[in-house]
Every structure is written in C-alpha cells, then in structure tokens.
Amino acid sequence: MNIEALIQEAKAAREMAYVPYSKFKVGAALLGKDGKVYRGCNIENAAYSMTNCAERTALFKAYSEGNTQFDAIAVVADTKRPVPPCGACRQVISELCAPETKVILTNLHGDIQELTVAELLPGAFSPEDLDA
Ligand SMILES: O=c1ccn([C@H]2C[C@H](O)[C@@H](CO)O2)c(=O)[nH]1
Ligand SMILES: [Zn+2]
C-alpha cells in the first residue's frame with residue numbers, strides 16, 4: 001500500500017472519532033508488514049483524562065490481535081501544519097514500533113511531513129532503562 005492510500009485510510013478512521021468534548025477529530029492508519037491496516041480514531045470520555053488518541057487506538061488494536069510488525073503509521077487532523085502527535089503517543093509509538101518505521105503526519109490541506117519513529121521522540125524512555 002502506498003502513502004496516499006494509507007492517508008486515505010487515516011481520513012476514513014478520523015470520521016469515526018468520538019469527540020463530544022473537543023470536537024477535534026483525529027484519524028490514524030497503521031500498516032502492518034503483512035499488508036493489514038489498523039484504523040484508529042480518538043475516543044474521548046466525560047472523565048477527560050481517559051481519552052485515547054487515534055495513534056494509540058490503532059496500535060492497541062494491532063497488538064491486541066497479535067500484530068506487532070509495521071511499515072508505517074499515518075495520522076491526520078484538521079490542523080494548520082501536519083498534525084503533531086502528543087507526547088504520550090510519541091512515547092507509546094517509540095516502544096511499540098521499530099525505530100525505522102515511517103511516520104506520516106498530515107492535515108486536510110494535504111501538507112505532509114514524513115519522519116521515522118526514531119526521529120519522533122529522541123531520548124525516549126525505553127524498556128532497557130528499567131534494567132539497573
Ligand atoms: O496526535 C493527536 C493529538 C490529539 N489527539 C486527540 C486527543 C483529544 O481527543 C483531541 C484534542 O486534544 O485530539 C489525538 O488523537 N492525536
Ligand atoms: Zn496522543
């Protein structure tokens with residue numbers, strides 16, 4: 001699947017966002033090495049801090065089905081610049097995706113920023129840091 005098609009998947013995921021509080025819809029599409037695509041949207045809650053971002057929804061869907069090998073993740077929102085993932089998602093993406101995985105950030109204007117997982121969060125806290 002090419003990048004444009006993955007962005008289309010992220011846009012379709014965005015339409016499912018449950019955002020009664022912020023009204024800010026985000027979509028993500030995670031491409032497995034086997035070609036499977038996992039869509040994710042943000043899901044909010046009246047207890048605001050329970051909100052799950054689109055990126056983490058997609059990743060948790062894939063992991064919960066045993067799929068842990070990915071080529072790329074695309075994220076889209078209605079932002080002026082390509083949507084920047086929040087810090088929590090950068091941390092989770094850093095652990096659950098290989099460093100060379102492509103990250104495609106975009107918006108509804110068609111601006112695209114492409115980087116790698118390694119570039120998304122330099123100095124991420126990692127499982128190795130748990131070893132004394
Ligand atoms: O990359 C991002 C940034 C924000 N959000 C969500 C969280 C919340 O529902 C809304 C506003 O922050 O957007 C995401 O899903 N992904
Ligand atoms: Zn996030």
Side-chain angles (χ1 to χ4, degrees):
M1 170 172 284
N2 63 30
I3 283 172
E4 270 313 313
L6 194 64
I7 289 172
Q8 283 309 121
E9 289 283 336
K11 285 182 179 171
R14 181 174 170 272
E15 293 309 315
M16 306 307 292
Y18 174 73
V19 288
Y21 310 105
S22 74
K23 320 274 193 222
F24 184 77
K25 296 188 280 186
V26 184
L30 180 65
L31 178 61
K33 286 199 179 293
D34 61 0
K36 274 196 78 171
V37 174
Y38 297 88
R39 293 179 179 179
C41 60
N42 51 334
I43 302 170
E44 299 185 343
N45 192 273
Y48 298 155
S49 65
M50 298 299 103
T51 292
N52 208 64
C53 293
E55 302 91 316
R56 282 177 289 137
T57 301
L59 268 167
F60 295 162
K61 281 176 68 179
Y63 263 73
S64 66
E65 294 182 19
N67 204 340
T68 61
Q69 304 301 313
F70 313 111
D71 279 335
I73 182 169
V75 192
V76 65
D78 188 9
T79 40
K80 288 199 194 85
R81 57 176 176 166
V83 61
C86 79
C89 288
R90 287 173 197 249
Q91 177 65 35
V92 171
I93 291 169
S94 294
E95 179 158 340
L96 300 187
C97 298
E100 65 275 10
T101 310
K102 283 184 193 157
V103 179
I104 300 137
L105 308 177
T106 187
N107 59 17
L108 298 185
H109 308 294
D111 303 311
I112 297 175
Q113 182 187 358
E114 204 178 313
L115 64 168
T116 65
V117 164
E119 291 165 338
L120 197 60
L121 184 58
F125 185 75
S126 79
E128 290 78 56
D129 293 307
L130 294 172
D131 299 330

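Order of listing sets the numbers, starting from 1, for every ligand and every atom in it. Both backbone and side-chain heavy atoms feed into the values below; hydrogens, waters and symmetry mates do not.
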Numbering as shown, the atoms of ligand 1 that approach [X] to under 4.0 Å (heavy-atom distance):
X: Cys86; answer: 1 (O)
X: Phe24; answer: 10 (C), 11 (C), 13 (O)
X: Glu44; answer: 8 (C), 9 (O), 10 (C)
X: Pro84; answer: 1 (O)

Between [X] and [Y], what is the shortest heavy-atom contact and its length?
X: Ile104; Y: Ala72; result: CD1-CB, 4.1 Å
X: Ser22; Y: Glu44; result: OG-OE2, 2.5 Å
X: Lys23; Y: Pro20; result: NZ-O, 3.0 Å
X: Lys80; Y: His109; result: O-CD2, 4.3 Å

Can you list everything that forms a side-chain contact (heavy atoms from CB on, under 4.5 Å) with Ala54? Sequence neighbours excluded, please. Val26, Ala28

For [atom], what is the closest protein heavy atom, and at what distance to 0.1 Å?
atom: atom 15 (O) of ligand 1; result: Ala54 N, 3.0 Å
atom: atom 6 (C) of ligand 1; result: Asn42 ND2, 3.4 Å
atom: atom 1 (O) of ligand 1; result: Glu55 OE2, 2.6 Å

Evaluate the side-chain proximity of [Y] to [X]: yes if any heavy-atom separation is below 4.5 Å, no if none is.
X: Cys97; Y: Leu59; value: yes
X: Phe60; Y: Asn52; value: yes
X: Thr57; Y: Asn42; value: no

What about Val26: any of its N or O atoms under 3.5 Å from an N or O on ligand 1? no

Geometric N/O contact Thr51 with ligand 1, under 3.5 angstrom: no

Over 60° means perpendicular and under 30° means parallel, so classify the ring planes of Phe70 and Tyr38, tilted if in between. perpendicular

Does the protein place a non-hydrogen atom closer than 4.0 angstrom to atom 12 (O) of ligand 1?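 So far as the 4.0 Å threshold goes, atom 12 (O) of ligand 1 is out of reach of every protein heavy atom.
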
In this structure, which one of Lys36, Arg14, Arg39 forms a salt bridge (charged side-chain N to carboxylate O under 4.0 Å, His left out) with Glu9? Arg39

Suppose the cut-off is 2.8 Å; how many protein N/O/S atoms fall inside it around the Zn ion (ligand 2)?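 There are 3 of them.
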
Ignoring hydrogens and geometry, is there a side-chain-to-backbone donor-acceptor pair from Thr79 to Asn107 under 3.5 Å?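 Such a contact is absent between Thr79 side chain and Asn107 backbone.
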
